[in-house]
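All remarks here apply to the structure that follows.
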Amino acid sequence: MARSRKPRDLHRPFVTPEGVDLRLELASAGARATAFAIDAILLLVILGLATALLAFLAAGSGMLQGVGIIWLVGFFLLRNFWFSLFEMGRRGATPGKRLVGLRVVARDGNRLTGAAVVARNAMREIEVFLPLSFLFAQSAQGLANTFLTVFALAWSGIFLFFPLFNRDRLRVGDLVAGTWVVEVRKAALSYDLVGETRRVSRHFPEEALGAYGIYELQRLEQVLRAEQPVAVAAVARTIRDKFGIPDDRDDYGFLSDFYAALCARLEQGMIFGRKRESKNQAAA
Amino acid sequence: MSGALVNATRFRVEHSADWEKLDSLVERLEKKSLRALSDDDMLELPRLYRTTLSSLAMARDTSLDRALLSYLEQLSTRAYFQIYGVQTSPWRQVTHFFAVGWPAAIRALWRELAFCAALTIAAGIAAFFLVRGDPEWFYGIIPAGLAQGRDPSASVGALRATLYDGGDGPLALFATFLFTHNAQIAIFSFALGFALAVPTILLIGYNGLMLGAIFAVFEAKGLGPNFAAWLMIHGTTELLAICVAGAAGMKIGMALAFPGALTRMDATIAAGRVAATAMLGAVVMLAVAGLLEGIGRQTINDDWLRALIGGVALAGWLIYFFWSARRRRGAE
């Protein structure tokens with residue numbers, strides 16, 4: 001019964017016209033919720049500021065009607081088109097999504113059309129505002145309708161929590177518009193761990209190099225790039241103890257050399273068609 | 001080739017200048033727009049993109065440097081979306097919407113539109129006869145707040161006053177309120193289509209019931225034609241818009257329930273995009289209706305003129321949606 005559940009993989013194949021798979025990573029439900037919360041707060045702040053400003057103007061000029069019209073139209077546009085207008089831009093993201101590092105993309109890889117963006121955002125009406133209105137209806141109407149309200153809340157909750165019920169984290173809006181939300185992280189290129197001039201001076205026993213695969217190599221890369229002395233020392237000690245290599249008091253240098261030697265060896269294996277994923281896979 | 005120990009080093013030495021150039025171009029594109037790039041940059045962009053993409057493909061096969069791979073992945077992805085995922089300019093999108101997208105969307109959902117119109121009329125007739133038979137029905141159909149005194153107990157004079165006295169309240173403000181309220185309902189009924197269109201159909205039916213009930217009140221006092229004219233001046237546009245929004249919701253619900261030859265997912269997506277375009281059109285129509293209501297109805301008191309404007313508006317919409325599109329199809 002001890003069937004370990006694999007962590008849900010959010011990578012999806014996405015092949016460009018040039019035939020390279022970009023392996024998009026879908027946004028997690030948490031990231032989506034965070035982005036939405038940021039947008040909602042921004043909306044409320046803008047609404048509050050605009051209302052205060054307009055109220056000030058109305059009190060000063062006495063043009064109640066004109067100010068009222070601007071407020072109503074502004075509120076309408078803000079509520080319904082804030083998301084759409086930003087997502088139609090070059091980044092395909094609202095300010096909230098941009099901060100979290102997300103982007104809206106058409107699922108079929110084509111251009112994201114205006115109609116799709118409008119469709120996915122108009123659906124917020126049943127995903128967000130419908131549950132909200134039932135929530136407030138409850139407090140307004142008292143206990144007589146409690147059962148009905150709870151039922152309505154549960155029904156509208158289905159739309160709200162829809163992304164949690166499907167593999168691709170699709171909102172109802174994404175489903176209808178044929179879009180999904182992906183991670184777009186901006187990363188700088190980290191330095192080269194091995195370098196052009198490096199020659200491995202240390203000698204490693206054959207069994208030490210033969211013991212590891214790609215998975216271990218990339219974990220070692222993580223440790224080296226993080227440059228945490230404690231972790232570096234622990235990993236160096238483990239490898240030395242395991243294969244009886246004498247300690248030369250340079251943990252980082254030792255591991256860097258080991259990384260370079262192991263990397264060169266595994267790469268050579270790959271060229272000859274022997275790809276060793278991890279230490280559990282026997283060397284071919 | 002240099003005597004580097006691992007492939008990642010070779011890749012970096014050979015191509016990192018190209019990657020960094022692409023990185024800076026993409027960054028500028030993301031921040032601003034195409035105009036941020038010079039002509040030379042525009043020519044370079046596809047080349048750099050292809051170089052980076054092939055670096056990625058090669059690195060995946062021959063290199064084990066995780067940092068290099070993830071850098072190339074994110075750079076290629078960002079570049080891909082700036083090159084292939086671009087939107088046409090906002091202005092082009094707007095003209096396309098009015099010239100092609102909107103009428104085409106309406107044509108695509110003419111069946112649902114006809115159904116919504118028929119439902120509105122049928123519900124209106126039903127409510128009319130119910131209220132004529134027993135005025136008590138009126139209170140069951142229309143909430144007191146909405147009727148504002150226009151109920152069966154009102155006098156002829158009071159009812160007549162609601163049709164012809166512009167009133168002295170902030171009318172433009174009220175018309176704006178009605179526009180935003182109706183437009184919100186239109187968007188709502190589009191979204192409710194996802195619940196298999198049932199709530200959308202209920203909304204449309206209820207709208208028809210209210211119309212019929214109010215009409216019965218005026219008709220009983222001999223003000224039927226006057227009420228019709230009062231309603232028509234903006235009502236033809238507004239009711240058509242409500243039917244369009246309802247039809248948009250139905251389209252989604254029907255695609256979900258009866259996807260036909262397509263998969264359920266594909267049918268829903270196709271319906272969703274068409275319906276969203278139609279719904280956006282409905283919002284535009286409601287803005288027009290708001291203008292007609294706020295300005296036209298307050299200044300024009302002649303029944304014939306009111307009816308004429310309403311009739312012309314309706315004919316105009318129908319010609320725009322169906323005739324102009326047919327002509328274009330013939331030209332192709």
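Letters go in sequence order (proteins before strands), and every chain restarts at 1.
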Query raised in the report: Given a strict heavy-atom distance threshold of 4.5 Å, which part of B:Val26 is in contact with chain A: side chain, backbone, both, or neither?
Result: neither
Report summary line: Answer key: most heavy-atom pairs under 4.5 Å with chain A among B:Thr62, B:Thr277, B:Asp65 is B:Asp65
Query raised in the report: About how many Å separate CD of A:Glu267 and CG of B:Asp61, when rounded to the nearest 0.5 Å?
Result: 11.5 Å
Query raised in the report: With a 4.5 Å limit on heavy-atom distance, are the side chains of A:Met270 and B:Leu64 in contact?
Result: yes
Query raised in the report: In terms of heavy-atom pairs under 4.5 Å with chain A, which of B:Ser63, B:Ala275, B:Ser54, B:Pro199 leads?
Result: B:Ser63
Query raised in the report: Side chain of B:Arg66, backbone of A:Gln222: donor and acceptor closer than 3.5 Å?
Result: no
Report task. Could you give me the CA-CA distance, side-chain angles and deciding distance for B:Met265 and A:Leu170, then say whether side-chain contact (heavy atoms from CB on, under 4.5 Å) is met? Result -> CA-CA 12 Å; B:Met265 196 73 113; A:Leu170 301 180; 4.1 Å; yes
**Report entry** Shortest non-hydrogen contact from B:Ala276 toward A:Ala115
**Finding:** CB-O, 3.5 Å
Requested in this report: Dump the intermediate steps for side-chain contact (heavy atoms from CB on, under 4.5 Å) on A:Tyr259 and B:Val6, then the final yes or no.
Outcome: CA-CA 10 Å; A:Tyr259 173 85; B:Val6 298; 5.9 Å; no
Report task. Answer yes or no: is there a side-chain heavy-atom contact under 4.5 Å between A:Val176 and B:Ile269? Result -> no
**Report entry** Residue pair A:Leu112, B:Phe81: steps toward the side-chain contact (heavy atoms from CB on, under 4.5 Å) verdict
**Finding:** CA-CA 10 Å; A:Leu112 186 64; B:Phe81 287 127; over 6 Å; no
Requested in this report: Compute the centroid of each ring, for A:Phe14 and then for B:Tyr80, and state whether the two points are separated by less than 6.0 Å.
Outcome: yes
Query raised in the report: Any luck finding a side-chain donor-acceptor pair between A:Arg90 and B:Gln82 under 3.5 Å?
Result: yes
Requested in this report: Rounded to the nearest 0.5 Å, what's the gap from CG on B:Leu68 to CD on A:Glu221? Could you check?
Outcome: 9.0 Å
Query raised in the report: Got B:Gln184 and A:Asn80 here, is their nearest side-chain heavy-atom distance under 4.5 Å?
Result: yes
Report task. Considering only heavy atoms and a distance below 4.5 Å, find which of B:Ala57, B:Ala183, B:Ala8 pairs most often with chain A. Result -> B:Ala183
Report summary line: Ranking B:His181, B:Arg78, B:His96, B:Glu73 by heavy-atom pairs under 4.5 Å to chain A gives rank one to B:Arg78
**Report entry** Engaged part of B:Tyr49 at the chain A interface, taking heavy atoms whose separation is under 4.5 Å
**Finding:** side chain
